[in-house]
Structure formats: C-alpha cells, structure tokens
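Have a look at the structure below, then the notes.
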There are 2 protein chains.
Amino acid sequence: MAIVDRKLREKAEMRSRILESAKALFAEDGFQNVSIRKIAEKIEYSPATIYLYFQDKDAILFALHNEGFRDLFTRQKHQAKIADPVARLRGLLEGYLEFALQEPEYYDLMFMLFTPLPKIIKTAEWRYGRRAYRMLVKTVAECQAKGHMMNTSTDAAALGLWGAVHGIASLLIRQRASMLPADKQADIAREATLMLENHLLPFPADAGLHS
Amino acid sequence: MAIVDRKLREKAEMRSRILESAKALFAEDGFQNVSIRKIAEKIEYSPATIYLYFQDKDAILFALHNEGFRDLFTRQKHQAKIADPVARLRGLLEGYLEFALQEPEYYDLMFMLFTPLPKIIKTAEWRYGRRAYRMLVKTVAECQAKGHMMNTSTDAAALGLWGAVHGIASLLIRQRASMLPADKQADIAREATLMLENHLLPFPADAGLHS
DNA sequence: AAGTCCCTCTGAACAACGTTTACTAATAGA
DNA sequence: TCTATTAGTAAACGTTGTTCAGAGGGACTT
C-alpha cells in the first residue's frame, strides 16, 4: 500500500501548499483582495484545482483560522504549567498579547473577520477555541478562590480580562491607535496590559500599589 | 434662487436615501454581501446613479463611518459635563459600551472593518474620532492627577481602558463569546466593564474593595 | 500487454460584482 | 423658442467565486 500512502501524502502536500500561499497573500493584501485566481497562479495550478482541496474560499480561511487557534493553544500549554494561578493568568494574558503582536495576520483572521463566520464556528470543529476559553475560565476561578476579583461572576471576570487584552490588540492591528507613534505602539500595549494586571491581579507584594 | 435651493435639497435627500438604504442592507447582510446593484434596487434607481453621489462603494462606508462617530461624540458630550473626573471617565466608558450594544451595525463599521480604511482615515476629516480620543486622554490625565493609575503613562492608561471596553464589545459583536448564553451577554459585558472600573477607578467609598 | 478504471487537473463557461462611458431626457436661464 | 446644464440610465468592461464536461495519465485487472 505504499502507493496509496504516497497519494495521501501528495494530497496533504498540495493542501498545505495552498494554505501557505493563501496565508502569505492574505497577509500582504487582506482576505478580500486575494482572489482564488491569484492563489492558483502562485501555486502554478489552475483555479479549478483549488476546489478539489477546499470547498470554497471561506474554507481556506477557516483552515487558517484553525491553524491559528492551534498555535495559540500550543503557546498556552506552556503557561498552563505555572502553579500559582495568579502568575499563570498573567502569563496567559501576556502570551495572548504577544501572539497578537507577533502573528497579526493570524490574529486578524481569527478574531476580526466577518459576521458570516459564526455559522462555521458552530458546525465545524471549533475545538481549540473552546479549549483555550475553558483554560482561561478555570484559571480565573482559581484566582477568585484566592481572593481576586471577588465581587464579579467568573464569566464576567473572564470576559473582562480576555476582552481587555483582545481590545488592546485589536486597536493596534486595525490601526485605530494611529494617534500613537507607530514604533511605540507595542510597548504602550504591553504597559497597558501590565496596568490591568497590576490592578486586577496584584501579586502579594503589590498589594499596596492600587489606584 | 429658490430653485437652486430646491436642487441642493434634492441632492442631499438623495444622498441620505442612499445612506439609509445602505446602512439597513449592511446591517442585515454585512458590507461584503451588499452590492451597489442591491442598494440601487432598494432606492429604485439604476446602479450608475449611485456614482453621481458617491465616488465608490468605500465612500458610502466612510460616510456611515463618520455618521457613527458623530453619534458617539454627541453621546460623549453629555458625559463630558460631569465635574468629577472619575465619574466622568466611568460615564465615558459605560456610554461607549452602551453605544456598541445599541448600535452594533455602526460599531462594526467604525472599528472592525478592513485594513484599507486607515488610508481614508488619515486623509479625510477624521475629526470626530480624534476629538473623542482627546476627550478620553484629558479625562484619564485628570484621574491620574487625583491619584488613579499612577504607575502608568497616560497613553497606556487610555489605551488600556479604551481597549478593554472595545474588546468586550468586539467579542460580543463578532460573536466570539458564543459560549455565553445569548440573552445574558449584554449584562455580563456590563458586569465585566464595572469590574474593570471598580479596580482601576475606585470611588472613594470603594477604596477597600480591591482584589 | 492490453484494456479498463479512476483520479487529478484544466479550459471554458456562468452569474454577479464594481465601475465607466456614451447617451437620453428633462429642466433652467437666455 | 433656443441653448446649456443637469439627472439619470443602458450597456459594456474587466474581474470575481464557482461549476462542469472532458482530457490525460498513472493504477489495477485480465
């Protein structure tokens, strides 16, 4: 069965060649401005060939979308090992921000594209996204058990923290923070995240630093 | 000169009829899925007519974009009158969230669309956006003068607060928070915002409530 | 070795898109 | 009444996502 193996391998290779080219083009010109024909030209096949590997243009987007979540989840697995829940939660938030800053194309694809996407998210295997969210909620709950963010429901606390970092990253990526000097934006974003952490998740030593 | 007045009035009416129809269609199907031809059909004119009133499809988007900022800015003017800077800043943040929850179509247009937009933002009259941002920075600075968020630069504090509320709103609007029950999402978002305010901008009476 | 099957790939076509152009019809000012 | 200007349009252009009938060539069976 070596030959069927080879065929499978070739199929997978073609698939990832398409994804690779698509990602590069999306990053350069944006999803809207990349046509199937351009992707086809880049991989040196006819446009129709792409439809043998992906149902439609959205399916390519969704595959990259999933790759991005897998990447993010992999990063989080490292931080998940931190024993102290406060340090762990801080690690998760900072890791999330760094992911957004380092992989803006993925981030853009994952969190800021279209309204039609949710249909796909519900039907398809949205595993990595849900897993990442569960890890966040669990860590938030542990922090609350240690006395942090006591007057807030776990859901609201998780949404607030996630939203805060997500929002900071989004403003930079969608260039809504253009009033800040371009070369300082990343550092200001890190400082902003630190501020939120220091007020919401003070280390014991910081206890007196509030407000 | 009554007749030139009438002509001007008719021109303005046509313009706002196009905008009105476009906004309704965008809200229903999303910007990408609305064609010039569909807008033309809705106003019962030929597609080419639209190009007598707007340079291209993006210009329609930008006009709505500006309308949205004007709306947001009008809301903020009410809150700007609050004397106490802490109460004022809280009012601004909560007003921003309510705007996002009440006018998700505008919000989507204003903050979550495309990368190509920035070109327009820089060249055209982006007045309302900048004005709103200046008001935020000024209020943050006043809060810092009163002892809040002392260990953070004003830029980072402003970005953090704005980003936090923006992020919470974005996750709801782009349906990334679908793990939360749909009918509770708005309230959880409000609770999350309150949590951030209570930790970052405590009223004197809340001073002991942290962490 | 020949014949059959299947599977990958493609050219050509389709409908819909944003936009431009050349034109018509109507109105305003002389 | 004649002319200039304007609002509106039909038709076309090039491009888009997508489909489909068919070509070509390896892989199995005999």
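In what follows, chains are A, B, ... by sequence order, proteins preceding strands, each numbered from 1.
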Take A:Val140 and A:Trp162 through the side-chain contact (heavy atoms from CB on, under 4.5 Å) test and state the conclusion after the steps. CA-CA 11 Å; A:Val140 168; A:Trp162 176 26; over 6 Å; no
Phosphate OP1/OP2 of C:dC9 contacted by A:Tyr53 side-chain N/O (<4.0 Å):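 Answer yes for this pair, as a side-chain N or O of A:Tyr53 is under 4.0 Å from OP1 or OP2.
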A:Lys11 side chain N/O closer than 4.0 Å to the phosphate oxygens (OP1, OP2) of C:dT8? yes
Measure from [atom1] on [X] to [atom2] on [N] and round the result to the nearest Å.
X	N	atom1	atom2	answer
B:Ile36	C:dT20	CD1	P	11 Å
B:Asp56	C:dT20	CG	P	8 Å
B:Ile39	C:dA16	CD1	C1'	15 Å
A:Asn33	C:dC17	CG	P	18 Å
A:Leu25	D:dT16	CG	P	12 Å
B:Arg9	D:dA7	CZ	P	15 Å
A:Glu13	C:dT8	CD	P	14 Å
A:Arg17	C:dT8	CZ	C1'	13 Å

Assess the pair B:Tyr107 and B:Tyr96: is the distance between their ring centroids shorter than 6.0 Å? yes
Of the listed nucleotides (D:dT19, C:dT20, D:dA27), which one gets closest to any side-chain atom of B:Tyr51?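 Looking only at side-chain atoms, B:Tyr51 lies closest to C:dT20.
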Would you list the protein and nucleotides 21-23 of chain D atom pairs, both N or O, that sit under 3.5 Å from each other?
none

Measure from NZ or CZ of A:Lys57 to the centre of the six-membered ring of A:Tyr51 and say whether it is under 6.0 Å with the direction within 45° of the ring axis.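 No - A:Lys57 does not lie over the ring of A:Tyr51 by the 6.0 Å and 45° rule.
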With distance as the sole test, does A:Gln144 use its side chain to make a donor-acceptor pair with the main-chain N or O of A:Thr152 at under 3.5 Å?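 Flag set: sc A:Gln144 to bb A:Thr152 pair under 3.5 Å.
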With side chain to side chain contact (heavy atoms under 4.5 Å, CB included) as the test, pick out the partner of A:Thr193 among A:Ile168, A:Ile188, A:Leu161. A:Ile168
Below 4.5 Å, heavy atoms only, C-beta onward: do [X] and [Y] meet side chain to side chain?
X	Y	answer
A:Leu172	A:Leu101	yes
A:Lys23	A:Glu105	yes
B:Met135	B:Phe73	yes

Distances under 3.5 Å between protein N/O atoms and the N/O atoms of nucleotides 9-12 of chain D, please, pair by pair.
unit_1	atom_1	unit_2	atom_2	d
D:dT9	OP2	B:Ser46	N	2.9
D:dT9	OP2	B:Thr49	OG1	2.6

Is there a salt bridge (Lys or Arg N to Asp or Glu O under 4.0 Å) between B:Glu94 and B:Arg190 once you walk through the steps? CA-CA 8 Å; B:Glu94 287 161 22; B:Arg190 291 192 186 93; over 6 Å; no
